[in-house]
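I have a structure I would like to understand better, so I am pasting it below and will then ask my questions one at a time.
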Amino acid sequence: MNGKVWLVGAGPGDPELLTLKAVKALNQADVVMIDDLVNPAVLEHSPTARVVRVGKRGGCRSTPQEFIHRLMLRYARQGKCVVRLKGGDPCIFGRGGEEAEWLAERGIESELVNGITAGLAGATNCGVPLTLRGISRGVTLVTAHTQDDSSLNWGALAQSGTTLVVYMGVAKLADIREGLLAGGMTGAMPVAMIENASLPQQRECRSTLARMQADARAFELKSPAILVIGEVAAAEAILPMAQSA
Ligand code: SAH
């Protein structure tokens, strides 16, 4: 009999931000396939599972997606309970849907388990409420990095009036700034750049749209980081700082 694949979000880094459902899946796992943005501390919930690292960091040595697919399939066909552990949420820039579909086409059952996505965790950990009555009526999650290098409609995003949360933006600050300014966003728009959200080494840099590139350079902002662009990212934090682990 075939096993099952759990496509599980491990959250942004802080192991206490795992869901109970993720812990349950980890407890049952025979094999855990772990991405490199996942904090290995969460493996304490899978003490006996075989652990396979399948990192795919942009720009670094990576495991081809096809290989990951085949490996999941092989273990599932051996009847194993496989946990595919991804950073944040499996369906936010995480290929969760893609992998579920690929498995379904081959008759393998899978289940997606939500995780807390980095953008939400990073903002909250810095006291930035992504929505705020009278200030921000919505949030847009976007990635600055695309496989085909196509560009986002930054003009439409600038006009949307929502808080923008940008993933994979560290190497694209110039494009983001130019696009939003050209779209009519003011250079004074507050920006929060949050590196290693929810981890003990979390750092945050408050800036504005006009200055963010220079400030990020001076700050030596590194990936993984998210950008929060909108009035709610103003330096005077509105929420009390969350206690990071
Ligand atoms: N599925 C993940 C996103 C994967 S894409 C999620 O839901 O969070 C990888 C990008 O996520 C990184 O380039 C960075 O922009 C962001 N990211 C992931 N973990 C992060 C962290 N701890 N702090 C800040 N950004 C993070």
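Each ligand, and each atom within it, is numbered from 1 in the order the structure gives.
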### Task
Not counting sequence neighbours, which residues clear side-chain contact (heavy atoms from CB on, under 4.5 Å) with Leu73? List them please.
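Scan of Leu73 (side-chain contact (heavy atoms from CB on, under 4.5 Å), adjacent residues dropped) gives Arg70, Arg77, Trp102, Arg106, Ile108.
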
### Message
Please tell me whether Thr162 and Thr140 have a donor and an acceptor in their side chains that are separated by less than 3.5 angstrom.
### Response
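Side chains of Thr162 and Thr140: pair found under 3.5 Å.
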
### Message
Just to be sure I understand the cut-off, which residues have at least one non-hydrogen atom under 4.0 angstrom from an atom of ligand 1?
### Response
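Within the 4.0 Å shell of ligand 1, which is judged on heavy atoms, sit Pro12, Leu37, Gly87, Gly88, Asp89, Ile92, Phe93, Thr117, Ala118, Tyr167, Met168, Ile194, Asn196, Ala197, Pro224, Ala225, Ile226.
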
### Query
Can any side-chain N or O of Asp89 pair as donor or acceptor with the backbone N or O of Gly115 at less than 3.5 Å?
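At least one qualifying donor-acceptor pair exists.
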
### Task
Give every residue pair that meets the salt bridge (Lys or Arg N to Asp or Glu O under 4.0 Å) criterion with at least one member in residues 169-196, sequence neighbours excluded.
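Residue pairs passing salt bridge (Lys or Arg N to Asp or Glu O under 4.0 Å), neighbours aside: Asp149-Lys172, Glu195-Arg203.
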
### Asp215/Arg206 ion pair, N-O < 4.0 Å
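So Asp215 does not pair with Arg206 through a salt bridge.
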
### Query
Taking only residues two or more places apart in sequence or in another chain, which ones pass salt bridge (Lys or Arg N to Asp or Glu O under 4.0 Å) with Lys21?
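So Lys21 forms a salt bridge (Lys or Arg N to Asp or Glu O under 4.0 Å) with Glu111.
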
